Amino acid sequence: MKFVNKPVRKKDAMSLVTGKPVYTDDVTQGSSLVVKLLRSPHAHALIEEINTEKAKNVSGIECILTYEDVPQSRFTTAGQSYPEPSPYDRLILDKRLRCVGDPVAIVAGRDERAVDKALSMIKVKYNVLEPLLDFRNAMDNEILVHPEDDFVSLVEVGADNKRNLCSSERMSIGNVDEELAKCAHIIEEDYHTKANNQTMMETFRTYTSIDAYGRLNIISSTQIPFHVRRILSNALQIPKSQIRVIKPRIGGGFGAKQSVVSELFPAIVTWITKKPAKMIYSRKESFTNGSPRHEAVIKIRLGADENGMIKAIHMYSLWNAGAYGDHGPTTVGLSGHKAMTIYNANAYKFDFDVVYSNTMGAGAYRGYGATQGFFALESAVNELAARLNMDPTVLRMNNMLTQNSVGKTLPTYYNEVLKSCTLDKCLEKAKKMIDWDKKYPCRDMGNHKVRSVGCAVAMQGSGISNVDVGAVEIRLNDDGFYTLMIGATDMGTGCDTILAQMAADCMDCEYDNIIVHGVDTDLSPYDTGSYASSTTYITGMAVVKACETLKNKILAEGAKKLGCSVEDTEFDGKTVYNAKTNEGISLSELANGNYVGSNNYLSAAESHYSPVSPPPFMAGLVEIEVDKLTGKIDIIDYVGVIDCGTVINPNLARVQAEGGIVQAMGMAMYEDIIYDSKGRMMNDSFMQYKIPSRLDVGNIRIDFESSYEPSGPFGAKSIGELVINTPPPAIANAVYNATKVNIRNLPITSEKIMMGMLKKA
């Protein structure tokens, strides 16, 4: 392979680092209406009266829309394949307001000053209702977040709005209670993870216009262009054929942009006024009304025999959907199905409930529920190791999936058969990299400082089996270069680059001869979107298949030009030649002849889906320093070793891993969305919401232990989500090894450590 497994520079690298206009607001500089929202100051209220007359008279105001002016058909904003598992539980504008910041009115005007003035002049009379803010008390509460009769769930996910249930399920394999009764050691604890904001560089933003054919055109920073088209069709009650969605470069998504957030409001303005409109979320709006990670409480029952062999795992996940159910039914499943699968046991049980509350609606965030599950289960495994007085890496080696597990059916992972795994080699390499055996469990450094190490392992998936679809079209252009049309969304991850690397090796051409064209729903082949770690694995296989089809067409066309049979032709990337006579025709000559003569225009389109979702694996080990006088934690070193199959681009894989680890460190130590007693978010800016800086994360080192996944392109699996799963439990384990304090409630703060040490004193 000339390009696969090589550190090729990103296709868009120079445009990004030199500040070229590539993002939504850069490429939509023409005049447009400014769109803003009047948002609810109350967590739970009904609009009794709303007066917009004075506001409409403000000079420059084009329109003001309330719930009386927009369609009243319920939908979900979750970007998922149809039919969506997430309930249809929201309107563009609703008379009932379910969280602080819920939209009350849409205001559009010629400039920001006019819009701000009009917003201040809208008069609303609210019937303020008691909010339901603690999701732990939500189920069967007398306060109903969604009392409406037109609530609908297209998929049976256990939703019951009259019980505040977004989703509910029970699953068991074997008899957990019988196995636990025989166990010598049982860990039974609750673990609490908080909501986290994705804090992507580019906030939510959308530009809308009407084209020459009267169609609604959307340019938006989104991970899900084709889902945006469907969701807007549902919400606006217009045919999908009347909507076109274009995705420019995205300044980060991390799952936040797997929901329709900003698109609805300028779209309805443009559809009504027929004028271009633009909406740019402020950072505060992105914090308070974005699409954050679900807050969760996870109860673990973990049983093992006297030798530490795990016999039974029971996980119960209680998820806070917030005001709306976007991604609730789907994220929660990963907390158990991913986490439990990594360990061999005799019996498993997984129960969950996703409940509504009057807080901001949650959504997708990198890791997609597995992150919460791994914090809980990996922490419990570390607690089991401590009780057994056993090295937690040894306990894992004795219980987890390894190379010897290949061929094993995974009952908790939808009965998939494991085809590739080097998790044991990952853990062994990580231990050597961090010098685990010398540093475990801790070392007294003097001056009240203790250095300790902690560990965790994790797995994820590669796309959603039997659901995700990737498609590409590759075209042979004149002079012999190629255009690769893709529907997958590059959001900074480099998928344009890795797909071009695959295509270049498939076509045996230079990397620069592959021109990648990004997403336009009118032109691009259908793709379910960039989420669920699907692009490399799913769309990559579509590239391989399309290239093979195009090569066959090139051989057939070359054979016709050479006057020989296809069986006698060969193609080396530059020339099609007759293997018997060595007579050849160059690809450039063939392509140019096809364009000007009466021959065929050569292109190939293929799609791919997979009935399986092969898991990538990771071992994460951390070294920290704890000041026992203050409880302050400093991260010294973090080592991650990853099995993602064949690494397509080592540089991009490494920065993906480093970025995910930093985000997870934020979840573990800093990030905590907090509401006051009235449901208002108290930390709605970077002044109050701390994310880690480069100074906070210490040294991060990444390495790979490749396997070969036979169902993936060039043997590849995914990497994007996996890397966020190990830091929270590994850091919690290191804190315990330094202080003997188990922190089961994220984030891990100095105050919690000090209070824990005081209780033990």
Side-chain angles (χ1 to χ4, degrees), residues 187 189 191-193 308 374-376 378-397 427 429-457 619-641 661-662 664-672 690 692-701 726-761:
I187 302 297
E189 297 290 350
Y191 300 89
H192 186 188
T193 64
F374 274 110
F375 170 68
E378 286 298 281
S379 293
V381 170
N382 285 328
E383 293 193 44
L384 175 63
R387 182 175 297 183
L388 290 163
N389 196 27
M390 182 184 290
D391 183 325
T393 64
V394 174
L395 179 66
R396 284 175 170 80
M397 283 289 195
L427 186 51
K429 179 178 281 190
K431 288 178 67 174
K432 290 178 182 178
M433 289 172 66
I434 209 165
D435 203 4
W436 175 273
D437 290 335
K438 289 185 179 179
K439 295 177 179 178
Y440 172 78
C442 64
R443 296 169 294 151
D444 191 330
M445 308 302 291
N447 198 27
H448 310 289
K449 303 287 182 68
V450 177
R451 286 196 178 184
S452 62
V453 289
C455 74
V457 294
L621 274 59
V622 68
E623 181 180 7
I624 66 171
E625 184 172 271
V626 179
D627 187 332
K628 285 196 169 185
L629 282 182
T630 64
K632 183 178 184 294
I633 310 170
D634 288 313
I635 294 176
I636 305 301
D637 195 13
Y638 199 95
V639 167
V641 182
I661 287 168
V662 170
M665 288 175 177
M667 176 184 181
M669 298 170 61
Y670 303 110
E671 299 180 44
D672 187 4
K690 163 71 174 171
S693 73
R694 184 62 188 89
L695 299 176
D696 297 315
V697 299
N699 189 34
I700 298 176
R701 295 181 289 145
T726 60
I731 293 169
N733 182 222
V735 167
Y736 172 80
N737 288 334
T739 65
K740 301 306 176 188
V741 174
N742 276 310
I743 306 293
R744 304 184 183 100
N745 183 354
L746 296 182
I748 302 167
T749 63
S750 301
E751 292 82 359
K752 291 176 184 176
I753 293 171
M754 288 304 299
M755 292 300 292
M757 287 193 293
L758 288 172
K759 287 180 181 178
K760 288 184 174 294

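Computed from a prediction, not measured in an experiment: that's the story for all the values here.
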Pair up each side-chain donor or acceptor in residues 442-451 with any protein partner under 3.5 Å, not counting sequence neighbours, and list the distances.
{"from": "R443", "atom 1": "NH2", "to": "E623", "atom 2": "OE2", "distance (Å)": "2.4"}
{"from": "D444", "atom 1": "OD1", "to": "G446", "atom 2": "N", "distance (Å)": "2.8"}
{"from": "R451", "atom 1": "NE", "to": "E625", "atom 2": "OE1", "distance (Å)": "2.9"}

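- Considering every non-hydrogen atom in both P692 and Y670, the closest pair reads CB-CE1, 3.9 Å.
- By the side-chain hydrogen bond (donor to acceptor under 3.5 Å, both in side chains) test, T393 is found to be paired with D391, K431, residues two or more places apart in sequence or in another chain being considered.
- Sparse packing is recorded around NZ of K432, with 12 or fewer heavy atoms of other residues, nucleotides or ligands lying under 6.0 Å away.
- Of the possible polar contacts, none joining the K752 side chain to the V741 backbone as a donor-acceptor pair under 3.5 Å is found.
- When all heavy atoms of F374 and P729 are compared, the pair lying nearest together is O-CG, 3.9 Å.
- Here the straight-line distance linking atom CD1 of I635 with atom CD1 of I700 works out to 7.5 Å at 0.5 Å rounding.
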Assess whether side-chain contact (heavy atoms from CB on, under 4.5 Å) is satisfied between Y638 and T726, documenting all intermediate values. CA-CA 10 Å; Y638 199 95; T726 60; 2.7 Å; yes
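- Classification of D696 and K690 as a salt-bridged pair holds, one side-chain N sitting under 4.0 Å from a carboxylate O.
- Within a 6.0 Å radius of CG in N699, more than 12 heavy atoms belonging to other residues, nucleotides or ligands are found.
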Would you sort out whether L427 and L621 count as a side-chain contact (heavy atoms from CB on, under 4.5 Å), showing the intermediate values? CA-CA 9 Å; L427 186 51; L621 274 59; 3.8 Å; yes
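- Without hydrogens or angle criteria, K439 side chain to I434 main chain gives a donor-acceptor distance under 3.5 Å.
- Across K628 and M757, no two heavy atoms sit closer than the pair O-CE, 3.6 Å.
- Counting only distance, with no hydrogens or angles, the side chain of E378 and the backbone of V457 share a donor-acceptor pair below 3.5 Å.
- For the atom pair CE of M667 and CZ of F375, the computed distance is 7.5 Å after rounding to the nearest 0.5 Å.
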One pair to check against side-chain contact (heavy atoms from CB on, under 4.5 Å): L395 and L384. What are the steps and the verdict? CA-CA 9 Å; L395 179 66; L384 175 63; 4.1 Å; yes
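- Distance check, rounded to the nearest 0.5 Å: CZ of R396 to CG of N382 gives 4.0 Å.
- Across T630, D627, I748, L758, a single residue satisfies side-chain contact (heavy atoms from CB on, under 4.5 Å) together with I753, and that is I748.
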Checking Y736 against S452 for the side-chain hydrogen bond (donor to acceptor under 3.5 Å, both in side chains) test, could you report, in this order, the C-alpha distance in whole Å, the side-chain angles of both residues, the deciding distance, and whether it holds? CA-CA 9 Å; Y736 172 80; S452 62; over 6 Å; no
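- Side-chain contact check for N737 versus V735: every heavy-atom pair is 4.5 Å or farther apart.
- Taking both residues in full, the closest heavy atoms of P728 and L746 are given as CB-CD1, 4.1 Å, listed atom of the first, atom of the second, then distance.
- From K632, atom NZ reaches atom CG of L629 across 13.0 Å, with rounding to the nearest 0.5 Å.
- With rounding to the nearest 0.5 Å, the separation of CD1 in I633 from OG1 in T749 is 8.0 Å.
- At least one side-chain heavy atom of P392 sits less than 4.5 Å from a side-chain heavy atom of N733.
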